[in-house]
Enquirer: 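Let me begin by handing over the structure; questions about it come next.
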Amino acid sequence: LSACHTVERLSSGETEELQRIKWHRKQLLEDIQKLKDEIADVFAQIDCFETAEESRLAQKEKELCIGRKKFNMDPMKGIQYLIEHKLLTHNVQDIAQFLYKGEGLNKTAIGTYLGERDPLNLQVLQAFVDCHEFANLNLVQALRQFLWSFRLPGEAQKIDRMMETFATRYCLCNPGVFQSTELGPPEPPQRRQDCLVARD
């Protein structure tokens, strides 16, 4: 009853003001609810995106695992598979880095791929060797590091190509360590013999 008497005592202007306040309160509550709905929608989209991203990454990891297995069985087909599934590009540096990291790769398979004579393989071999840093290493240390990253193939021609590429890179990293035999005329036979005797 007291509430009714209070309302009756309000003037017309006060009543209008009260109605406006109630209207604004209603609008504010509606806006708050809309905002809540929008926030809930955003979180739902984020959850959906995260689920999709996790699924995509899982699929990518699965394809990468398949590509590694294919590479270990047949290096050429393995690289082709990885390129087709956009896990690698045709870029020589990209392929070389993949082989250099060697995650999940058989070292014999890496050597087999690097030993091929196809133009792409030869470029990858050069880029692969360039991944190694031989500065301030003696020849034995550098060679050990180089041969640790793959297994030499059995064919002499392939080994020669690889060792020639290694030697070029080693000399580039350590300028002045060796003097090229082409820098001057060859030593006379007698002088070379004297050197051999002196070393003995």
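Side-chain atoms are counted along with the backbone in the values below, which use heavy atoms only and exclude waters and symmetry mates.
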Enquirer: Please walk me through it: do Met76 and Asp118 pass side chain to side chain contact (heavy atoms under 4.5 Å, CB included)?
Expert: CA-CA 11 Å; Met76 298 293 284; Asp118 289 349; 3.5 Å; yes
Enquirer: Could you grab the distance from atom CD of Gln19 to atom CD of Glu17, nearest 0.5 Å is fine?
Expert: 10.5 Å
Enquirer: A quick test of your reading: do over 12 heavy atoms of other residues, nucleotides or ligands sit less than 6.0 Å from NZ of Lys70?
Expert: no
Enquirer: Return the minimal non-hydrogen interatomic distance between Ala109 and Pro75, and the atom names on each side.
Expert: O-CG, 3.4 Å
Enquirer: Quick one: does Leu105's side chain get under 4.5 Å of Phe98's, heavy atoms only?
Expert: yes
Enquirer: Heavy-atom distance under 4.5 Å between the side chains of Leu172 and Phe134, does that happen here?
Expert: no
Enquirer: Using side-chain heavy atoms (C-beta onward) and a distance below 4.5 Å, is Lys69 in contact with Cys65?
Expert: yes
Enquirer: Do the non-hydrogen side-chain atoms of Cys131 and Lys101 ever get within less than 4.5 Å of each other?
Expert: no
Enquirer: When clusters are formed by joining ILVMFWY residues with side-chain heavy atoms under 4.5 Å apart, either directly or through shared neighbours, do Val92 and Phe128 land in the same one?
Expert: yes
Enquirer: List the atom of Phe150, the atom of Ile110, and the distance in Å for their closest heavy-atom pair.
Expert: CB-CG2, 3.7 Å
Enquirer: Is there a side-chain contact between His132 and Phe166, using heavy atoms and a 4.5 Å cut-off?
Expert: no
Enquirer: Give the minimum heavy-atom separation between Gly115 and Lys158, together with the two atoms involved.
Expert: O-CG, 3.3 Å
Enquirer: Measuring from His90:NE2 to Ile83:CD1, what's the distance to the nearest 0.5 Å?
Expert: 4.0 Å
Enquirer: How many angstroms lie between CG in Leu82 and CG in Leu88, if you round to the nearest 0.5 Å?
Expert: 5.0 Å
Enquirer: For Asn138 and Tyr170, which heavy atoms make the closest approach, and how far apart are they?
Expert: C-OH, 3.2 Å
Enquirer: Quick check for you: to the nearest 0.5 Å, what is the distance between Leu125 atom CG and Ile95 atom CD1?
Expert: 12.5 Å
Enquirer: Counting neighbours of CD on Glu155 that are heavy atoms of other residues, nucleotides or ligands and sit closer than 6.0 Å, is the number greater than 12?
Expert: no
Enquirer: Output the distance between atom CZ (Arg68) and atom CG (Leu87), rounded to the nearest 0.5 Å.
Expert: 9.5 Å
Enquirer: Could you work out, with side-chain contact (heavy atoms from CB on, under 4.5 Å) as the rule, every residue matching Lys107, not counting sequence neighbours?
Expert: Trp148, Arg151
Enquirer: Is a side-chain donor-acceptor pair under 3.5 Å present for Gln27 with Asp31?
Expert: no
Enquirer: Test of understanding: with side chain to side chain donor-acceptor pair (under 3.5 Å), list the residues that count as partners of Gln80, not counting sequence neighbours.
Expert: Glu84
Enquirer: Please check: side-chain N/O of Asn72 versus main-chain N/O of Asn106, any donor-acceptor pairing under 3.5 Å?
Expert: yes
Enquirer: Please assess Lys60 against His85 for the test side chain to side chain contact (heavy atoms under 4.5 Å, CB included), listing each intermediate value before the final yes or no.
Expert: CA-CA 9 Å; Lys60 181 180 178 180; His85 287 77; over 6 Å; no
Enquirer: So, taking the atom named OG1 in Thr165 and the one named CZ in Arg161, what distance separates them when rounded to the nearest 0.5 Å?
Expert: 8.5 Å
Enquirer: Glu133 and Cys173: which non-hydrogen atoms are nearest, and at how many Å?
Expert: OE2-SG, 3.7 Å
Enquirer: Taking a hydrophobic cluster as the set of Ile, Leu, Val, Met, Phe, Trp and Tyr residues connected by side-chain heavy atoms closer than 4.5 Å, whether directly or through intermediates, do Met73 and Ile79 fall within one such cluster?
Expert: no
Enquirer: Walk me through whether Leu143 and Met163 qualify under side chain to side chain contact (heavy atoms under 4.5 Å, CB included).
Expert: CA-CA 9 Å; Leu143 191 57; Met163 296 312 297; 3.3 Å; yes
Enquirer: Taking all non-hydrogen atoms of both residues, which atom of Glu14 and which atom of Ser11 are closest, and how far apart?
Expert: OE1-N, 3.0 Å
Enquirer: Does some side-chain heavy atom of Tyr113 sit less than 4.5 Å from a side-chain heavy atom of Leu120?
Expert: yes
Enquirer: Spell out, yes or no, whether Leu152 and Val129 are grouped together once hydrophobic residues are joined by side-chain heavy atoms under 4.5 Å, including indirect joins.
Expert: yes
Enquirer: Going through the distances and angles, do Leu64 and Tyr81 end up as a side chain to side chain contact (heavy atoms under 4.5 Å, CB included)?
Expert: CA-CA 9 Å; Leu64 184 58; Tyr81 174 89; over 6 Å; no
Enquirer: Quiz question: by atom type and distance under 3.5 Å, do the side chains of Gln59 and Glu63 form a donor-acceptor pair?
Expert: yes
